[in-house]
Student: 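Just dropping this structure here.
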Amino acid sequence: MHPMLNTAIKAARRAGAIINRASLDLERLHVARKGPKDYVTEVDKSVEEAVIDLLGTAYPDHGFLCEESGLHEAGNTIDGVPEYQWIIDPLDGTSNFIHGYPVYAVSIALAHRGQVVQAVIYDPSRNELFTASRGGGAFLNDRRIRVSGLTRYHDAMLSAYVPDSGGGVSPDSRWANLLSGCASVRRMGASVLDLAYVASGRIDGFCGKNLKRWDLAAGGLMILEAGGLIGDFDGEQNWYETGSVIAGSPKIFTQMLAHLNAK
């Protein structure tokens with residue numbers, strides 16, 4: 001195992017321990033509103049601080065891009081790009097967490113010169129650790145994982161991240177044909193787990209929009225290393241910048257793209 005991945009796993013497990021302790025006493029949790037339907041707790045902040053502390057101690061020249069505290073400049077840059085940058089979502093699925101709904105996870109990715117090379121997604125409520133290294137495959141608790149082998153779109157189970165409580169799925173939207181053509185759709189409320197589940201074959205495909213880099217970095221690498229495809233709504237590789245994403249096995253991805261762009 002790559003030593004930087006091993007360090008990221010230690011950070012994720014430390015984060016998971018904080019989350020699990022807090023989940024035992026949700027009534028005492030202080031919840032603040034960042035925006036409409038967007039919440040943050042002291043757990044999000046404590047987890048992020050703990051992860052930054054562990055990774056920053058191990059790699060003091062590395063930069064960070066974090067959901068709660070934003071950008072931390074790297075000590076080493078090349079043409080303005082950090083040589084190494086950790087991309088952290090300390091608690092994806094905060095709304096689920098504060099309701100006691102056990103679908104949330106920690107996401108940690110490492111980018112080298114702008115390309116994600118290591119990824120960890122940790123689900124503390126199930127003690128499930130998803131990992132990936134560029135060129136080294138994707139794993140769930142040390143077992144190699146692959147995307148779904150399903151080939152027929154009308155049998156597929158998708159997951160979706162649709163902002164605004166589904167307001168974007170009007171009958172004449174691009175989403176309508178995409179989501180109505182498959183067998184069923186799940187909205188878990190934790191996009192990092194959506195992506196991990198696509199990588200592990202539990203979900204056949206994923207679609208989402210308005211996602212941030214910390215939502216996508218780790219899961220995107222996992223899907224690629226598990227044999228899947230990920231792209232924007234035109235099938236191009238701008239998804240990391242735009243936050244508009246579809247992902248799945250090669251056969252399901254192709255059919256998702258066709259349904260999404262059907263006239």
Student: Per the ring pair (Phe, Tyr, Trp, His ring centres under 6.0 Å) rule, what does the pair list look like for residues 119-149, sequence neighbours excluded?
Tutor: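 Residue pairs with at least one partner in residues 119-149: there are none.
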Student: Which pair of non-hydrogen atoms, one from D194 and one from M188, has the smallest distance, and what is that distance?
Tutor: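 The answer is OD1-CE, 2.9 Å.
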Student: Side-chain contact test, heavy atoms from C-beta onward, threshold under 4.5 Å: evaluate it for C207 versus L178 and give yes or no.
Tutor: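 Result yes, sub-4.5 Å side-chain heavy-atom pair found.
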Student: Taking only residues two or more places apart in sequence or in another chain, which ones pass side-chain contact (heavy atoms from CB on, under 4.5 Å) with E73?
Tutor: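 Once residues adjacent in sequence are excluded, the partners of E73 under the side-chain contact (heavy atoms from CB on, under 4.5 Å) criterion are L71.
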Student: Which residues satisfy the side chain to side chain donor-acceptor pair (under 3.5 Å) test with Q85, sequence neighbours excluded?
Tutor: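 None.
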Student: For I230 versus Q237, what's the shortest heavy-atom pair and its separation?
Tutor: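 For I230 versus Q237, the nearest heavy atoms are O-NE2, 2.9 Å.
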Student: Less than 4.5 Å apart, side chain to side chain, heavy atoms only: is that true for M4 and V117?
Tutor: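 Heavy-atom side-chain distance check fails, nothing below 4.5 Å.
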Student: Could you walk me through whether M157 and I203 satisfy the side chain to side chain contact (heavy atoms under 4.5 Å, CB included) test, starting with their C-alpha distance in whole Å, then the side-chain angles of each, then the deciding distance to 0.1 Å, before giving a yes or no?
Tutor: CA-CA 6 Å; M157 183 166 72; I203 295 286; 3.7 Å; yes
Student: Look only at the side chain of N141 and the backbone of L129, and say whether a donor-acceptor pair between them is shorter than 3.5 Å.
Tutor: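 Here the side-chain-to-backbone pair exists.
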Student: Please confirm whether the backbone N or O of Y153 pairs with a side-chain atom of Q255, one donor and one acceptor, at under 3.5 Å?
Tutor: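 Judged by distance alone, yes, a pair lies under 3.5 Å.
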Student: Might you point out which heavy atoms bring D204 and A156 nearest each other, and give the distance in Å?
Tutor: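 Taking every non-hydrogen atom into account, OD2-CA, 3.4 Å.
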Student: For a quick test of reading the model, state the closest non-hydrogen atom pair linking A11 to V51 and the distance between them.
Tutor: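 In terms of heavy atoms, the two residues are closest at O-CG2, 3.9 Å.
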Student: Who are the side chain to side chain donor-acceptor pair (under 3.5 Å) partners of S46, not counting sequence neighbours?
Tutor: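 Partners of S46 under the side chain to side chain donor-acceptor pair (under 3.5 Å) test: none.
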Student: Given the rule that I, L, V, M, F, W and Y join up when any side-chain heavy atoms are under 4.5 Å apart, are V147 and M256 in one cluster?
Tutor: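 V147 and M256: separate clusters.
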Student: Please name all residues satisfying salt bridge (charged side-chain N to carboxylate O under 4.0 Å, His left out) with E49, sequence neighbours left out, ordered by chain then number.
Tutor: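 Scan of E49 (salt bridge (charged side-chain N to carboxylate O under 4.0 Å, His left out), adjacent residues dropped) gives none.
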Student: According to side chain to side chain donor-acceptor pair (under 3.5 Å), who are the partners of S249, at least two apart in sequence or on a separate chain?
Tutor: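 For S249, no residue satisfies side chain to side chain donor-acceptor pair (under 3.5 Å) once neighbours in sequence are set aside.
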Student: Can a donor-acceptor pair be found, under 3.5 Å and without considering hydrogens, that links the side chain of D232 to the backbone of S244?
Tutor: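 Here the side-chain-to-backbone pair does not exist.
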Student: Under the rule for side-chain contact (heavy atoms from CB on, under 4.5 Å), what residues qualify as partners of A50, not counting sequence neighbours?
Tutor: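 With sequence neighbours excluded, A50 shows a side-chain contact (heavy atoms from CB on, under 4.5 Å) to R14, I18, given in chain and number order.
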Student: May I have all residue pairs that pass ring pair (Phe, Tyr, Trp, His ring centres under 6.0 Å) and include part of residues 218-258, sequence neighbours excluded?
Tutor: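 Every ring pair (Phe, Tyr, Trp, His ring centres under 6.0 Å) pair that includes a residue of residues 218-258, provided the two are not neighbours, is W175-F233.
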Student: State the CD1-SG distance between I108 and C66, to the nearest 0.5 angstrom.
Tutor: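 I108 CD1 to C66 SG: 9.5 Å, rounded to 0.5 Å.
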Student: Kindly write out the residues that satisfy side-chain contact (heavy atoms from CB on, under 4.5 Å) with A105, not counting sequence neighbours, or none if the list is empty.
Tutor: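 For A105 the side-chain contact (heavy atoms from CB on, under 4.5 Å) partners, ignoring immediate neighbours, are I121, V192, L193.
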Student: To the nearest 0.5 Å, how far apart are CZ in R134 and CG in L110?
Tutor: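 So the CZ of R134 and the CG of L110 are separated by 11.0 Å.
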Student: Could you work out, with salt bridge (charged side-chain N to carboxylate O under 4.0 Å, His left out) as the rule, every residue matching D123, not counting sequence neighbours?
Tutor: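 So D123 forms a salt bridge (charged side-chain N to carboxylate O under 4.0 Å, His left out) with R126.
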Student: Look at the side chain of E225 and the backbone N and O of G135, then say whether any donor-acceptor pair between them is shorter than 3.5 Å.
Tutor: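 The answer is yes, because a donor-acceptor pair under 3.5 Å joins these two groups.
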Student: Can you find a heavy atom in the side chain of Y59 that is under 4.5 Å from one in the side chain of T7?
Tutor: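 Y59 vs T7: side chains touch.
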Student: Would you call P82 and H62 a side-chain contact if the rule is heavy atoms closer than 4.5 Å?
Tutor: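 No. Closest side-chain heavy atoms not under 4.5 Å.
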Student: Enter the distance from L211:CG to F206:CZ here, rounded to the nearest 0.5 Å.
Tutor: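 Spacing of CG (L211) from CZ (F206) equals 5.0 Å.
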Student: Just so I know, are the side chains of S107 and D215 near enough to count as touching, which here means a heavy-atom distance under 4.5 Å?
Tutor: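 No, every pair of side-chain atoms sits at 4.5 Å or beyond.
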Student: Do T131 and M1 come within less than 4.5 Å of each other through their side chains, counting heavy atoms only?
Tutor: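 No - every pair of side-chain heavy atoms lies 4.5 Å or more apart.
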Student: Write down the atom of R13, the atom of N127, and the distance for their closest heavy-atom approach.
Tutor: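 Smallest heavy-atom distance, with atoms named: NH1-OD1, 3.1 Å.
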Student: Name all residues meeting the side-chain contact (heavy atoms from CB on, under 4.5 Å) criterion together with R152; count only those two or more places apart in sequence or in a different chain, and write none if there are none.
Tutor: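 Partners of R152 by the side-chain contact (heavy atoms from CB on, under 4.5 Å) criterion, ordered by chain and then number, come out as H154, D155.
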Student: Decide yes or no for Y84 and D61: does some side-chain heavy atom of the first lie under 4.5 Å from some side-chain heavy atom of the second?
Tutor: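 The answer is no, as the side chains (C-beta and beyond) never meet within the 4.5 Å cut-off.
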Student: What is the minimum heavy-atom distance between A15 and V106, and which atoms define it?
Tutor: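 Answer, listing the atom of A15 first, then V106: CB-CG2, 3.8 Å.
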Student: Which distance, rounded to the nearest 0.5 Å, do you find between the CD of E68 and the CG of D89?
Tutor: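 Going from the CD atom of E68 to the CG atom of D89 covers 7.5 Å.
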Student: N261 side chain to D234 main-chain N or O, any donor-acceptor pair under 3.5 Å?
Tutor: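 No, because the side chain of N261 does not come within donor-acceptor range (under 3.5 Å) of the backbone of D234.
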Student: Between F64 and L55, is the side chain to side chain contact (heavy atoms under 4.5 Å, CB included) condition met? List the steps.
Tutor: CA-CA 9 Å; F64 294 87; L55 295 175; 3.8 Å; yes
Student: Distance from Y197 atom OH to L140 atom CG, nearest 0.5 Å?
Tutor: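 Between atom OH of Y197 and atom CG of L140 there are 9.0 Å.
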Student: Please identify each residue that fulfils side chain to side chain donor-acceptor pair (under 3.5 Å) with S69, with sequence neighbours left out.
Tutor: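 Partners of S69 under the side chain to side chain donor-acceptor pair (under 3.5 Å) test: E48, H72.
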Student: Working to the nearest 0.5 angstrom, can you tell me the gap between T242 OG1 and L216 CG?
Tutor: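 Going from the OG1 atom of T242 to the CG atom of L216 covers 8.5 Å.
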Student: State, yes or no, whether a side-chain contact exists between S23 and F97 at a heavy-atom distance under 4.5 Å.
Tutor: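 The answer is yes; the side chains approach within 4.5 Å.
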